[in-house]
Amino acid sequence: MKPEAEERLKGLHAILGRAVNSSPASNRRPSAADVDLSVKIGTLHFRNPILAASGTFGYGIEFAHLADFGKLGGFVTKGLSREPIAGAPAPRLCETPSGMLNAVGLQNVGVRAFVEQKLPVLRKFDVPVVANVFGYCQEEYVDVIRMLEDADGLAAYELNISCPNVKRGGLQFGSDAAMAAEVTRAARTAAGKRPLWVKLSPLVADIGLMARVVEGEGADALTIANTYPAMAVDHRTRRSRLGNPSGGLSGPAIKPITLKLVWEAWKSVKIPIIGLGGIETASDVLDYLTVGATCVQVGTASFSDPKVSERLSDELRTACFESNLFNISELRGKFSAEIG
Ligand SMILES: Cc1cc2nc3c(=O)[nH]c(=O)nc-3n(C[C@H](O)[C@H](O)[C@H](O)COP(=O)(O)O)c2cc1C
């Protein structure tokens, strides 16, 4: 018997054993309720592996009446900068075949207003909140983290390095290994004891190298990946369909590309990976776990269904049960590259 099959059988026996001990009906069959969806990212525990992604779940507060936070693994806030940012001109979103293009321009209230107005509300909910952080130079990243360090109620930081470094000619932090290393090192020092996740840009020649570099500078986890630079034009008006000339592509169109990035990174590092890009179904979630992700985030799908993340956690339980998978972590990295 293959070791995986043996493990599965052991899990099944454990469940049956528990049922015999705890229930007078000694012949209770295992059910979807017996599936353990909980995951760990470093020292953090999540009730399930589904988090809402940055920029698609506001500051969380906007979704409090729409989604059951008790069913979410957690969520990541909109990107936070040192100063408030007004953002890009409308239209900011545009549909494309199998995907969505956005140019929000990183609009946000600024870290100070987040700490004073949003965080006190978020503390009332029983859900891990991850703060997404960005800047246009290294000092800005550090300043944002320092301001958040004085506040309670955050589980971790997620560093968005898909940002132009204005002091280095506008090249993205996340496209240059030396700049990615520097900003991660500085953020790691500023972050004190809180876990630091680094969200990688998909715009790299070698994601494995970038993942190793960032891991080497003390990142506790990697989020893979951000949107893909793209554009949509109207040939009649000869203009962009967005307020900006170009934007970032997300949604189902990017899933196969990002899945490969996660797999490449998984082979290169030991720290946990959070996979995201185009997730809409429980199968999509399981695909990401198979290639090495420990948990996932859901972005664009929340636009058509604000309850998608909680629905997915229910569907995931059923999908795992149907695959005889009683501990979701057992699937992580089980992809076989053997041909045939
Ligand atoms: C409207 C919109 C705003 C976003 N804003 C942010 C952001 O502020 N910070 C960030 O790191 N990623 C941001 N993202 C990227 C998403 O978090 C995610 O990486 C990407 O959309 C891919 O996932 P998806 O296909 O499930 O949407 C944004 C995406 C969208 C669609």
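Side-chain atoms are counted along with the backbone in the values below, which use heavy atoms only and exclude waters and symmetry mates. Predicted, not measured: the structure shown is a model, and the values here were computed from it.
To the nearest 0.5 Å, the span separating CG on D314 from NZ on K307 amounts to 10.5 Å. Taken to the nearest 0.5 Å, the CG atom of D152 stands 5.5 Å off from the CZ atom of R123. Note that CD1 of I328 is 8.5 Å distant from CG of N48, once rounded to the nearest 0.5 Å. Atoms OG1 and CG, from T184 and L222 in turn, are 9.0 Å apart once rounded to the nearest 0.5 Å. Remark: T96 OG1 to M231 CE distance equals 13.0 Å, nearest 0.5 Å. Between the OG atom in S81 and the CZ atom in F134 there is a gap of 4.0 Å [rounded to 0.5 Å].
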**Study point:** Worked check of salt bridge (charged side-chain N to carboxylate O under 4.0 Å, His left out) between E217 and R185
**Key:** CA-CA 5 Å; E217 297 297 343; R185 193 180 317 139; 2.9 Å; yes
Exercise for review: Go through the steps for V296 and I274 under the test side-chain contact (heavy atoms from CB on, under 4.5 Å), then give the verdict.
Suggested key: CA-CA 5 Å; V296 299; I274 299 130; 5.7 Å; no
Check your understanding: Stepwise, does the side-chain contact (heavy atoms from CB on, under 4.5 Å) test hold for R311 with K71?
Key -> CA-CA 9 Å; R311 180 173 53 72; K71 280 193 163 183; over 6 Å; no
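Using a cutoff of 4.0 Å between basic side-chain nitrogens and carboxylate oxygens, R47 and D126 are scored as salt-bridged. In this structure, E83 does not pair ionically with R112, as no charged nitrogen and carboxylate oxygen lie closer than 4.0 Å. A salt bridge links R168 to E182: one of the charged nitrogens lies within less than 4.0 Å of a carboxylate oxygen. With respect to R239 and D234, no salt bridge is recorded, no charged nitrogen being found less than 4.0 Å from a carboxylate O.
Smallest separation of non-hydrogen atoms from V115 and M147: CG2-O, 4.2 Å. Contact between T258 and I224 at its shortest, heavy atoms only, is CG2-O, 3.7 Å. Considering all non-hydrogen atoms of both residues, L261 and Y228 come closest at CD1-OH, 3.5 Å. Heavy atoms only, all atoms of each residue included: A253 and P97 are closest at CB-O, 4.3 Å. Across all non-hydrogen atoms, the minimal contact from I161 to F173 is O-CB, 3.4 Å.
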Residues 192-203, side-chain donor-acceptor partners within the protein, below 3.5 Å, at least two apart:
from: R194; atom 1: NE; to: L154; atom 2: O; distance (Å): 3.2
from: R194; atom 1: NH1; to: L148; atom 2: O; distance (Å): 3.0
from: R194; atom 1: NH1; to: Y157; atom 2: OH; distance (Å): 2.9
from: R194; atom 1: NH2; to: A151; atom 2: O; distance (Å): 2.5
from: S201; atom 1: OG; to: Q172; atom 2: OE1; distance (Å): 3.2
from: S201; atom 1: OG; to: L203; atom 2: N; distance (Å): 3.0

Output a table of donor-acceptor pairs, distance under 3.5 Å, between side-chain atoms of residues 49-57 and any protein atom two or more places apart or on a different chain; print 'none' if there are none.
from: S54; atom 1: OG; to: T77; atom 2: O; distance (Å): 2.8
from: S54; atom 1: OG; to: N132; atom 2: ND2; distance (Å): 3.4
from: T56; atom 1: OG1; to: A53; atom 2: O; distance (Å): 2.8

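A chain of hydrophobic side-chain contacts below 4.5 Å, direct or via other Ile, Leu, Val, Met, Phe, Trp or Tyr residues, connects V166 to V133. Hydrophobic clustering (side-chain heavy atoms under 4.5 Å, transitive across Ile, Leu, Val, Met, Phe, Trp, Tyr) groups V285 together with Y288.
The closest side-chain heavy-atom distance from V233 to R238 is not below 4.5 Å. Between N160 and L106 the shortest side-chain heavy-atom distance falls below 4.5 Å. Counting heavy atoms from C-beta on, the side chains of K118 and I61 come closer than 4.5 Å. Between L37 and R317 there is a side-chain heavy-atom pair separated by less than 4.5 Å.
Under the 3.5 Å distance criterion, the side-chain polar atoms of N244 are left unmatched by any main-chain donor or acceptor of S246. Panel note: side chain D284, backbone T281; a donor-acceptor pair is recorded below 3.5 Å. The main-chain N or O of Q107 is found under 3.5 Å from a side-chain atom of K78 such that the two form a donor-acceptor pair. The closest donor-acceptor contact from the side chain of R241 to the backbone of P91 lies at 3.5 Å or more, if one exists at all. Side-chain N or O atoms of E140 include one that pairs as donor or acceptor with a backbone N or O of Y136 at under 3.5 Å. Side-chain atoms of S336 come within 3.5 Å of backbone N or O of E338 as a donor-acceptor pair. Judged by distance alone, with hydrogens and angles left aside, the side-chain atoms of S302 form no donor-acceptor pair with the main-chain N or O of P306 at under 3.5 Å. Formation of a donor-acceptor pair under 3.5 Å by the K267 side chain with backbone atoms of W263 is not found in this model. At distances below 3.5 Å, not a single donor-acceptor pair connects side-chain atoms of S175 with backbone N or O atoms of L171.
Note: F75 and F69 meet the aromatic proximity criterion, with ring centroids under 6.0 Å apart.
T290 and D287 share no donor-acceptor pair across their side chains, judged by distance under 3.5 Å alone.
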